[in-house]
Amino acid sequence: MKITVENGIMKVPDNPTIPYILGDGIGVDITPVALKVFDAAVEKAYGGKRKVEWMKILAGKEAIEKTGEPLPKETIDTIREYVVAIKGPLTTPVGGGYRSLNVTMRQALDLFVCFRPVSYLKGVPSPMKHPELLDVVVFRENTEDVYAGIEWPYDSAEAAELRNFLKNKLNVNLREDSGIGIKPISIFGSRRIGKAAIDYAIKYGRKSVTVVHKGNIMKYTEGLFKNVIYQLAEEEYRDKVITEEEVKEKYNGKVPEGKIVLKNRITDAMFQQLLLRPSEYDVIVTPNLNGDYLSDACAAQVGGLGMAPGGNINFNTHIALFEATHGSAPKHAGKNEVNPSSIILSGAEMFEYIGWSKVKKIITEAIEKTIQEKYVTYDLARQMDGATKVSTSAFGDRVIKNMEIK
């Protein structure tokens with residue numbers, strides 16, 4: 001049965017059909033293992049009363065082989081129809097070829113939030129002394145900024161025309177060998193992701209929302225982003241949100257009970273803050289490019305992208321595409337050796353998103369137990385003393401073995 005949306009509310013049957021994309025490269029290794037883990041966790045949580053029917057859809061290399069195109073229209077239509085989906089990693093050619101399929105799907109489905117929760121699982125090797133202090137959820141705007149794909153090569157007629165326009169109309173001189181890209185950030189886009197971040201913080205009892213921007217330099221794009229979210233908080237959330245400045249000026253630095261603190265940080269300073277004062281941050285909302293950097297940097301603090309879940313979500317239509325957050329690593333493809341935790345944890349977030357929170361808890365605790373047993377794939381084994389290095393499938397089997405209901 002299909003997941004549906006009625007009057008703005010997602011309706012999830014006990015046996016939903018969820019589309020999945022196998023993925024390029026190591027997708028052949030990690031995605032089947034993840035589906036096996038998901039089925040076991042659902043069975044463990046609900047004793048057969050609930051079950052997912054998985055529907056394979058095509059994108060990437062397999063889609064090219066079977067249809068001649070990297071992203072068939074049918075794939076986009078199916079995700080839209082079935083509301084929630086999950087995918088393995090997809091390869092993006094560098095410097096040519098087709099455009100990023102990840103970006104294309106986000107824009108085609110208007111998945112305006114790249115949702116990246118980052119927290120530490122006990123036992124995972126980390127370069128930090130106290131990785132457990134980092135527990136953030138990054139809301140990265142997904143449809144605007146330089147990732148909008150509005151750019152032209154330096155030797156194109158379009159770039160030449162833009163250079164001439166800038167020179168003749170706006171008195172802006174660019175070098176003749178300049179490629180040109182445009183960075184759109186709108187009031188509309190800023191407001192809706194700000195609302196999604198604040199609503200999430202309220203729903204899950206988070207303590208703060210931090211707007212991360214470079215508005216001191218890019219005043220009319222990233223500065224706009226920050227100002228719009230602050231205005232939104234003032235207009236719609238006065239009863240629940242208080243600014244950091246108000247806390248200092250009116251409450252002697254003590255946050256009133258029941259209030260979420262709205263902060264803002266300049267992007268470069270935020271990288272330092274997340275290293276030196278990670279416990280001071282909770283929900284982070286940021287434009288597209290900043291969010292790409294920040295979410296990966298956060299993941300590095302708790303074990304790397306192999307341990308990082310993520311999804312792309314439209315919180316208005318409820319359409320969501322969860323994903324492995326790392327690349328397709330083609331040199332490891334088919335070797336049954338890579339860590340499947342990213343896509344498994346992304347699936348755990350997907351189950352929480354559809355209201356099956358018990359499944360997320362079972363999966364997360366089973367992965368944590370498996371890692372604490374030092375029964376891990378090579379990426380973690382090489383960082384641990386006394387670890388047992390295992391295959392992708394063996395790791396998945398051990399996670400299933402370690403599943404418990406508490």
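Hydrogens, waters and symmetry mates are skipped; everything else that's a heavy atom, side chains included, is used. It should be emphasised that the depicted structure is a prediction, and the values quoted were computed from it without experimental measurement.
- Between Tyr293 and Phe271, the ring planes lie tilted relative to each other; the angle falls in the 30° to 60° range.
- Looking only at atom types and distance, the side chain of Glu144 has a donor-acceptor partner in the side chain of Ser186 under 3.5 Å away.
- Put simply, the side chain of Ile3 reaches to within 4.5 Å of the side chain of Met10, judged on heavy atoms.
- Between the side chain of Ser178 and the main chain of Arg175, a donor-acceptor pair closer than 3.5 Å is present.
- No close placement of the Phe395 and Tyr375 rings is indicated, their centers lying 6.0 Å or farther apart.
- Lys51 and Glu43 are not joined by a salt bridge, as no carboxylate oxygen comes within less than 4.0 angstrom of a charged side-chain nitrogen.
- Cation-pi geometry between Lys36 and Phe38 is not met at under 6.0 angstrom from the ring centre and within 45 degrees of the axis.
- Atom NZ of Lys250 sits in a sparse spot, with 12 or fewer heavy atoms from other residues, nucleotides or ligands closer than 6.0 Å.
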Discussion item. Test side-chain contact (heavy atoms from CB on, under 4.5 Å) on Ile343 and Ile86; report intermediate values, then the result.
Written reply: CA-CA 8 Å; Ile343 190 169; Ile86 191 166; 4.2 Å; yes
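- To the nearest 0.5 Å, atom OH of residue Tyr353 and atom CD1 of residue Ile313 are 5.5 Å apart.
- Within the cation-pi definition used here (under 6.0 Å to the ring centroid, within 45° of the axis), Lys360 does not qualify as a partner of Phe351.
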Fill in: Steps toward side-chain contact (heavy atoms from CB on, under 4.5 Å) verdict (Ile284, Arg265)
CA-CA 10 Å; Ile284 295 169; Arg265 296 290 183 270; over 6 Å; no
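- Residues Asp77 and Tyr82 have side chains that never bring a donor and an acceptor to within less than 3.5 angstrom of each other.
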Fill in: Glu349/Arg116 under salt bridge (Lys or Arg N to Asp or Glu O under 4.0 Å): CA gap, chis, key distance, verdict
CA-CA 10 Å; Glu349 296 295 334; Arg116 293 286 297 273; over 6 Å; no
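- How far CG of Leu58 is from CG of Leu22: 9.5 Å, rounded to the nearest 0.5 Å.
- With hydrogens and angles left out, the side-chain atoms of Arg140 and Asn288 include a donor and acceptor closer than 3.5 Å.
- The cationic group of Lys87 does not satisfy the cation-pi geometry with Phe322, failing either the under 6.0 Å distance to the six-membered ring centre or the 45° limit from the ring axis.
- No more than 12 heavy atoms of other residues, nucleotides or ligands shown are found within 6.0 angstrom of OH on Tyr154.
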Worksheet item: Does the pair Glu245 and Asn264 meet the rule for a side-chain contact (heavy atoms from CB on, under 4.5 Å), with working shown?
Response: CA-CA 10 Å; Glu245 293 75 17; Asn264 80 92; 4.1 Å; yes
Discussion item. What verdict does the side-chain contact (heavy atoms from CB on, under 4.5 Å) test give for Leu111 and Leu321, after you've listed the backbone C-alpha separation in whole Å, the side-chain angles of each residue and the deciding distance to 0.1 Å?
Written reply: CA-CA 8 Å; Leu111 304 176; Leu321 176 61; 3.9 Å; yes
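- Using a 4.0 Å cut-off between a side-chain N of Lys or Arg and a carboxylate O of Asp or Glu, Asp24 and Lys61 do not qualify as a salt bridge.
- Residues Lys240 and Lys259 fail the side-chain proximity criterion, which asks for heavy atoms closer than 4.5 Å.
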